[in-house]
Each structure stands twice: as structure tokens, then as C-alpha cells.
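Here's the structure, in C-alpha cells; my notes come after.
Computed from a predicted model, the values in this text were never measured in an experiment. Lettering of chains follows the sequences in order, A, B, ..., and the numbering in each one begins at 1.
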Number of protein chains: 4
Amino acid sequence: MTETDETSPARRSIGATRNPASQDAILAAAEAVLLENGLGGFSIEAVARRARAGKPTIYRWWPSQAALLFDVYHNRKRINFIHPDTGNVRDDLRAYLSGLLQTWREGGSGEVFRSLVAKAQGEPAALAALSAYMAERREQSGRIIEKAQARGEVRADVPPTLVPELLSSFAWGRLLTERLEVSDAEIDAVVDAVLSGIKP
Amino acid sequence: MTETDETSPARRSIGATRNPASQDAILAAAEAVLLENGLGGFSIEAVARRARAGKPTIYRWWPSQAALLFDVYHNRKRINFIHPDTGNVRDDLRAYLSGLLQTWREGGSGEVFRSLVAKAQGEPAALAALSAYMAERREQSGRIIEKAQARGEVRADVPPTLVPELLSSFAWGRLLTERLEVSDAEIDAVVDAVLSGIKP
Amino acid sequence: MTETDETSPARRSIGATRNPASQDAILAAAEAVLLENGLGGFSIEAVARRARAGKPTIYRWWPSQAALLFDVYHNRKRINFIHPDTGNVRDDLRAYLSGLLQTWREGGSGEVFRSLVAKAQGEPAALAALSAYMAERREQSGRIIEKAQARGEVRADVPPTLVPELLSSFAWGRLLTERLEVSDAEIDAVVDAVLSGIKP
Amino acid sequence: MTETDETSPARRSIGATRNPASQDAILAAAEAVLLENGLGGFSIEAVARRARAGKPTIYRWWPSQAALLFDVYHNRKRINFIHPDTGNVRDDLRAYLSGLLQTWREGGSGEVFRSLVAKAQGEPAALAALSAYMAERREQSGRIIEKAQARGEVRADVPPTLVPELLSSFAWGRLLTERLEVSDAEIDAVVDAVLSGIKP
DNA sequence: TACTAAGCGAGACGGTACGTCCCGTCTTGTC
DNA sequence: GACAAGACGGGACGTACCGTCTCGCTTAGTA
């Protein structure tokens, strides 16, 4: 009935240095608490209980709930963001968008990110970090467009980050209104709208 | 120093029926608390204090913080959503997007909506309400595309709600990462990308 | 599952005069609420719900919870206080004490009185009323001693109310510590102590 | 105007162990609130405010208002219960009774105990604790009678706790009806009634 | 080899807010 | 003018977390 893992033998300090076992246990507990109880049931207390960790240990390394969620999201090895390079901008963008949606649909990643975005709205520092992270992601994904421009597939005057922002904003909108189930046809429609426009 | 309006003569019950004065005072107080203290400082207690209302009076009519924020957002008369009809799809979409961003930039509307989206992530019922509201808004804004399709400006096979969703998602993304200052050139770039595509 | 008696057809006013049916319903509901939920669950709200009465109707006629409990205790027809007159002071006192304890043991009278004493401790007006009531009761019961003095069974210098006070205080003590089960032998011991003393 | 003692420097936790300073402050505040505002104005909230303590700190150590009042009553160093041993049962009992009444008359002890008895009527656990405490007190005071029996001053068949119960019940009755001012003559009359009886 | 310094689990602390229950008052519309 | 009904401002309830603190411990690195 207890939330703590009773088999584990209560970690101790390993000296005047950060204990990686504690760090891992806290991140794992944070993820578990969030996925089991939802954002409303997520609290530092609950994470500490679950991880058999002291609250100060958490506060020592993460300044806020949002910072903790940020690390939970980041440390998921499952998150292999796709930087596709098929040599074809249409396929690249389809892979980018469907990969993003797929990642969020699987294994609770979307729930974690959704919660992170929500928590960040109440913590300016966390929001700044999130914004910076998103800017970097846009920059990375902008490579898709830059390569396409080099190949002559995309007009040279298009800002490279604009298209990734449109697609990832679309994904955010779906994530935050719980409509992540997007069909391939819809993905095509979105990508085609951005690529070829909606004019006849 | 006190938060309450000391000049007002302390509302009373007006019988076994809802008191509109209380309702108004609560909504006004909720908006004021949110804008002054931010989402982190927003609480039912603070709203009740500010409105000189009892907490049960608030809980009687709004089941959650998100529901209250929803009403605050809705009851703002300033929110005149633009349903532009210039006879030209490009101008319509530019007016739609810039109107949305402008509305959120002014008078705290954006802060309210941002907070509502965040709070809704932790309250399934509120999230469902928000999703339904957004669906309705997409439907309304889809008229822009339907009219353009009737005029032959937009391909007939484009789902009418797709474009409003792309544009409003773009606006959400900016709102939630505090980058609402969008230049006319950026708006044009977004609208043109969707209209004409990014291909040469 | 509801507490209200749904079969009864919601009494109405009978004009500009007190409605005895409401009064009865309120007293009955008060007793029922107290006996079912204990003193901790006793409230004017609960009584009003149960009696299908408006709260103002209760407050119109009883100034406080203690006043209501006082009436509940009084209006119990079952309370036939014994003013025994066996012609023998020992039997009179035994009947008096055992009658008091018996009354409290039966049908919730003790629970009501216990609650009344407790509530009165926080309401000076109610405590004054209770004290006056107890003084009158002592006076009445003092007749037992006065008659015994007239018969020469009791010393003339004994204040007549002293013995009833000793016995009723003993009963209060038992009531307030939930030890109302007193054997006849104990009653005899108490009465004999007061009558003949404990000296050899 | 504030209730809190502004000179004190805001206690902190002293680690994972109970802070005696907090405990003392809470007991002192509880006593002060009760004596200043009466039982009706006594609340955990008020005690917490007065003691500059958090409500959870109070609830951590005392399960209920009655439990807190119990400790307030107990921890009064002024309560020096008299276990008189004059070698004379009459003087012992007079000292016992007058000591009890005197204690309750002084410094608010009576008010505290009166409130404790009242609160306990609504909390079964507290009432059980109070009953057990009273039983122990009767046992202790019964020594007076046991010694007197050993000296031959009291009949051997008298239950030793009976007389203390009669006297303390008399005192309870006076306490709970606010008639603690008992003259020496009345005390003598009560003690003599129990000692020698009321028969001629 | 002893000492220092920092990390650790633990949990109490002063607080704030939660969502609920009840207080006593008020007003409405019916009788 | 009494009645059922129920909303009102307000206050207290008992609980969950917040972020901070001190404790007693364990160990790594320094002296």
C-alpha cells in the first residue's frame, strides 16, 4: 500500500559528492508520480516519499517542480528526436511532425511535456528555460529547411525556423487539448498546406 | 494596504437566488488577482479576500480555479474576436491572426488565457471544456476558408478548420513562450506560408 | 439516503402565527440528529434539513443550540421525574437516585442532557437558564428532606437541598463520564453514605 | 492589535524532532485564548495565530481541541492536588474538597477544566481519556479513606473511592453551573453529611 | 590518520491554500 | 407575518504541500 519501494535498502550519502543513485531515484519517482497521479497529484512531497529521498535533497538539485519535470523530460532516453534527412523536404517534414506526435503519444512523454509547459506558466525562470530550449530546437529543426533551400526546394526568403515553429506549434496545440491522435492524412494535409499552400 | 474595496457597503444575500453583484465582484477580483500576482499567486482564497466574498460562494458557482478563469476570459467584453470578411482570403487571415495576437497583448487577456490553459492541464473537466470551446472557435473561424473556397481562392479539398488551427496554434505557441510581439512581417510570412506554400 | 422525510408534503405557513407542526418537527428532528450523529454532528443546519424547515424558522424561536436542546429535553413526555413519597427517607432517596439514572439511561434522555450541559458551557445565557432550572429541581427534590425532617428522620439543621444536590451531582458525574450503569448495591451505598455516614 | 507576541524571534524547526519551545508556546496560547475569549471563542486557528504556530504543528501533536485542553490543564504547575494527611479523616476530606474548589477558582483552572469536560462530550476518544484520568484521581484520593479505615475511623465495608467520587462530583456540579463560591460552612455540611450522615 | 566538509534520509517547523461545513442574516415568493 | 428555500459574508475545520531548518549518519578528500 505504501508508495515507497520497500525492497530497496535506503540509500545513504556517498560522501561530499552528489549521489547518482539518489538523482536517478528522484527522476524515476517524479515520472512515476506524474504518470500515475497526473499533474494535480504531482508534488515534491510525493516524489520524495516515492523516491525515499529527503525533500532538501530534491531542492538542492532542482529549484522548482518545473525544473524537475524538465529533467524528467530530458533524461528520457526514449526521446530520440528525429532530424530526418531523406533528401526530400516533404518527407523530412512529415517525418518530423509524425515523429514528434509519436514521441508524445508513447510512454508518457506527452504527459510529462504537457505538465512541464503548464507548470512553467507559473514560474518565470522555468518559462525562460523552456523558451530557450524551444528556440534551440527550432534552430536544429530549421536545418531541414536550410538543406531544402540549398537544394532549391524551398524559397530562399523563407525564414528557416518558421516552418518548424508552425509544425511544432500545431503539435503543442494538439498536446494541450488532448488530441494527439493525428492520422497520416492529417499530417499530410498540414505538411502540404505549409509546403504548397492552400491556393488552387 | 488592504486588498478589499473598503468603500463598498458589504453585499448581502438577496434571497434564495444568485446575487449578480457578487458574481461580478468575484470575476473582477479574480482578474485583478491574476494580473497583479501572476498565476503562482492566484488562489481562490485571494479572490475571496479581494472580492469580500466567502469561499463557499465561489465554490458554489465555479467548481475549480480553471472554471473561474474560463469565465473571467469569457466575460471580458474587450474580447471582440474578429471574424473578418474583406472579400480576400489573405487579408482575412492576416486580420484573424493579428487580431488574435493583439487581443492577447492587450489588457491582460493573454495572461488570463495563458493561465487558463495551464490550469486546465491539471483538471480534466476544465480541459474538456477548453477543448470544446476551441473546437467551436475553429468551426467559426473556418468560415473564412469556406467563403474563400466558394470564391475559388482556396482549393476545395482543404479542410476548412485546418488553417485556423495552424494559425491559432502558432499564436498559442507564442503566448505560452511569451513571444507575443509578432511583427507584421512575421504575420505576413506565416499567412503566406499557409496560403502559397514555401516552395519556389 | 437523504435525511429528510420525503413522504411528508413540505409544511407551509399557516398565516401570521406560529405553526405548531413546524415546532414539533424541529424538536423531533433535533432529537433524532443528536441521537444519530452525536453532539459533534449536531447542527442547526442538520436539524433544518431533517425537519424540512428553514433555518430562520429555527432561529426565530430558539436563540441557540443549547436553547433548542433544552426544549428537546423538556418536551420529552417520557421524563417523569419522580418525586417519591414512600414515607421513608431511605426509600425516597433510593427511588430518587435510581429514577434519575434510569431516566438518563433510557431512550437517549441522558445523551440529550449530557449535550445540553456541554453546549451550555459555551453560552452564558444558556448556562444561566440551566443553572436556574437545576436550582428549581433541587428545591423540588428538597421536599423529600423537608418531609423527612418533619417526621424526625433527618436532623433539622441539614439544608434540605444539600442531599438532592449531592445525589444529582453524583448522577451528573456518572452521566458526563459515561458510567451510567449503576447497580442497586452502589445506589444503596451512596444513599447510605449520605444517610448514615461512613463512620463506624 | 495583533494577537501575536511580536518580540519573539519566530521559532524554527530544530530538526526532525519535536520543538519544545513550540509546544510551550502552543499550550500557553491555548490557555490565553480560552481565558480571554471563552470556550465559544476557542479554536485551533486562534491558538495557532496566537502562538505564531502552523495549524499542522498543533494537529501533529494533539488530535483534537479536547486533547489540547487536557494538556493545558495538566501542564499547569499551579495544580497541586492536595493529598492531605492530617491523621483525621474529617480534616482530610475538608482539605480535599476545599482544595479542589480553590484550585478551580484560581487562575482560570476551573475555566479550563469546565471547557475540557464540555469539549469531551463531543469527542469519544477525549471522553475516554478524561474518564480514565478521573478514575485514577479517584483511586489516589481513595487513599484518604483507606488510611481512615486502617485507623478505624471509617467502616471497613465502605468502598474507598465512593467518598472521593461524591465530593468531586459535588465540585463538578458547582463548576459546571458556575457556583464555585462555596463557603467553609457549606464544605463542612457536605463533609459532615458524608461522614456522619444526615440522620439525627 | 584524523579532520573537515558536503551529501544524505528524516521529519518538524511556520505558513498558505485547499475544499467543506456550519454560523447567523437576509430576501423572495407562497400561504 | 410566519413559512420553506437557499444565497450571502464569514470563520473554522482538518489536510496537503510549500520551502526551510536541524539532526545524526556516512563517506571522500584534505591536512
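Residue Trp61(D) places none of its side-chain N or O atoms closer than 4.0 Å to OP1 or OP2 of dG11(E). Residue Arg60(D) places none of its side-chain N or O atoms closer than 4.0 Å to OP1 or OP2 of dG14(F). Note on Ser22(C): a side-chain N or O is less than 4.0 Å away from OP1 or OP2 of dA4(F). Side-chain nitrogen and oxygen atoms of Arg18(A) include none within less than 4.0 Å of the OP1 or OP2 phosphate oxygen of dA6(E). Phosphate proximity of dC22(E) to Arg49(C): present, with a side-chain N or O under 4.0 Å from OP1 or OP2. For the pair Thr57(A) and dG9(E), the criterion of a side-chain N or O lying under 4.0 Å from OP1 or OP2 is met. Distances shown here put a side-chain N or O of Gln65(D) below 4.0 Å from the OP1 or OP2 atom of dC13(F). Between Arg52(D) and dG15(E) there is a side-chain N or O to OP1 or OP2 distance below 4.0 Å.
Straight-line distance from the CD1 atom of Ile58(C) to the P atom of dA2(F): 16 Å, rounded to whole Å. Following rounding to the nearest Å, Ile44(C) (CD1) and dT25(E) (P) show an atom-to-atom distance of 11 Å. Going from atom CG of Leu68(D) over to atom P of dG14(F) covers 12 Å, rounded to whole Å. Taking atom CD on Glu45(A) and atom C1' on dT15(F), their separation rounds to 11 Å, with Å as the unit. Atoms CZ (Phe42(C)) and C1' (dC21(E)) sit 15 Å apart, rounded to a whole Å.
The line from CZ of Phe42(B) to CG of Leu35(B) is 10.0 Å long, rounded to the nearest 0.5 Å. Taken to the nearest 0.5 Å, the CG atom of Asn75(D) stands 8.0 Å off from the CG atom of Asp24(D). Note that CD of Glu31(B) is 12.0 Å distant from OH of Tyr73(B), once rounded to the nearest 0.5 Å. Summarising the geometry, atom CG belonging to Leu34(D) is positioned 4.0 Å from atom OG belonging to Ser115(D); distances are rounded to the nearest 0.5 Å. Residue Leu27(B) holds its CG atom at 13.0 Å from CH2 of Trp61(B), rounded to the nearest 0.5 Å. In this structure, OH in Tyr59(D) is found 4.5 Å from CD1 in Ile44(D), a value given to the nearest 0.5 Å.
Each end of the helix from dT1(E)-dA31(F) to dC31(E)-dG1(F) gets its own axis from five base pairs, and the two axes differ in direction by 10°, given to 10 degrees.
Annotation for Leu116(D) and Ala66(D): closest pair CD1-O, 3.5 Å, computed over non-hydrogen atoms. Shown here for Glu111(B) and Gly38(B), the closest heavy-atom pair between the two residues is OE2-CA, 4.3 Å. The two residues Ala51(C) and Ala25(C) have their closest heavy-atom pair at CB-O, 3.7 Å.
The side chain of Tyr59(C) approaches dC23(E) more closely than any other nucleotide in the set dC23(E), dA4(F), dG9(F).
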Go through it in stages, so that I can follow the logic: the residues are Glu36(C) and Arg50(C), the test is salt bridge (charged side-chain N to carboxylate O under 4.0 Å, His left out), and I'd like the CA-CA distance, side-chain angles, deciding distance and then a yes or no. CA-CA 12 Å; Glu36(C) 287 175 17; Arg50(C) 177 101 180 201; 2.9 Å; yes
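Across the interface with DNA chain E, nearest-nucleotide mapping of Pro20(D) and Pro63(C) shows Pro20(D) to be the residue nearer the 5′ end.
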Per-nucleotide protein contact string for nucleotides 21-31 of chain F, where B marks a base within reach and S marks sugar-phosphate only (heavy atoms under 4.0 Å, - for neither): BBS--BBS---
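Remark: nothing in residues 115-130 of chain A comes within less than 4.0 Å of DNA chain F through any heavy atom.
Checking each of Lys119(C), Arg114(C), Gln121(C) against Gln121(D) for a side chain to side chain donor-acceptor pair (under 3.5 Å) leaves exactly one that passes, namely Arg114(C). Evaluated for a side-chain contact (heavy atoms from CB on, under 4.5 Å) with Phe113(A), the options Leu130(A), Leu176(A), Leu69(A), Val72(A) yield exactly one hit, Leu130(A).
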